[in-house]
Amino acid sequence: MSIHPNMVEIASLLGEKSRATILASLLDGRFHTAGELALMAVITPQTASFHLSKLVEGNLVKVEKHGRHRYYQLANGEIARILESFLAISPPPEVRSLKQSSQVKFLKEARTCYDHLAGKLGVQLTESMLKAGYLKEEEREFTVTPKGDRFFSEFGIDLLELRKKRRSFSHSCLDWSERHHHLGGALGKGLLTHFFDLGWIVRVPSIRAVKVTAKGKEGFKEVFCIEV
């Protein structure tokens, strides 16, 4: 009898194609109904509900009930990090249509990784802040420098409030498409939320990609020296 945790149980949850697609779809960090996730996974709502019950039972997904409706979300940020790690070592999808090709391109350019920015833009943003001296890279996380304290404050990010969150503050997250690390944690979430509030990025319907607006192109260039 093994004395180790049962990895087979978790592997079996990830090893079914529809469940894996549902989990990848939930990496946008938002709540979704079974019907919405069924459309994303191209399965019936009944089948989606069956898979979601398995994922909730396995503690990979949480569910909230509001009236007659149920809304599903990844259980926590740590689950999202593990899923991103799996994506980083997984073979690329077989592209079979122009629509799929376009969606893959959008995801690689810029997307949400649970609650922070990922993709090419996320990596460029992190590298820009490292180069500017706002962040310092350590083994598994980034630390904010005194110069970074001033920058984030002037940019409208409340570091004191973010540090109060009961979660990692600024960990490094391996980007599956870029094969480099991007900024995660409470600081990563704070920046993503601020970019949405500024109107620099908008969500792409149906997938977890985000698109940089005309205002965002100017902002990223002026503030972070990033050409989008």
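Residue indices begin at 1 and follow the sequence shown.
Residues His116 and Leu183 fail the side-chain proximity criterion, which asks for heavy atoms closer than 4.5 Å. Side-chain contact between Arg203 and Arg30 is present, with at least one heavy-atom pair separated by less than 4.5 Å. Contact check for Met40 versus Ile22: no side-chain heavy atoms found under the 4.5 Å cut-off. Inter-residue side-chain proximity for His32 and Tyr71 is flagged as unmet; no heavy-atom pair is nearer than 4.5 Å. Side chains of Thr213 and Phe195 form no contact here, defined as non-hydrogen atoms less than 4.5 Å apart.
The number of heavy atoms from other shown groups lying within 6.0 Å of CD (Glu57) does not exceed 12.
Between Glu78 and Arg81 there is a salt bridge, since a side-chain N of the basic residue sits under 4.0 Å from a carboxylate O of the acidic one.
Atom CD1 of residue Ile43 and atom CZ of residue Phe50 lie 10.5 Å apart, to the nearest 0.5 angstrom. The line from CG of Leu107 to CZ of Arg208 is 6.5 Å long, rounded to the nearest 0.5 Å.
Residues Thr21 and Ala41 come closest through the heavy atom pair CG2-CA, 3.7 Å. Among all heavy-atom pairs drawn from Ser12 and Arg19, the shortest one is O-NH2, 3.2 Å. Ser168 approaches His171 most closely through the heavy-atom pair OG-ND1, 2.9 Å. In plain terms, the two heavy atoms of Glu84 and Cys113 that are nearest each other are CG-SG, 3.2 Å.
At a threshold of 4.5 Å between side-chain heavy atoms, the hydrophobic network of Ile, Leu, Val, Met, Phe, Trp and Tyr places Leu121 and Tyr114 in two separate groups. One hydrophobic cluster, built from ILVMFWY side chains closer than 4.5 Å, holds both Ile157 and Met129. Hydrophobic cluster membership differs between Val202 and Trp200, with clusters built from Ile, Leu, Val, Met, Phe, Trp and Tyr side chains linked at under 4.5 angstrom.
Taking the side-chain contact (heavy atoms from CB on, under 4.5 Å) definition, one finds that Phe86 meets it with Leu14, Ile82, sequence neighbours left out. Lys221 meets the side-chain contact (heavy atoms from CB on, under 4.5 Å) test with Glu227; sequence neighbours excluded.
Classification of the Phe155-Phe151 ring pair by plane angle, with boundaries at 30° and 60°, yields parallel.
Using modelled atom types, one finds a donor on one side chain and an acceptor on the other under 3.5 Å when comparing Ser177 with Arg111.
Considering Val61, Asn59, Leu60 as possible partners of Ile79, the one that fulfils the side chain to side chain contact (heavy atoms under 4.5 Å, CB included) test is Leu60.
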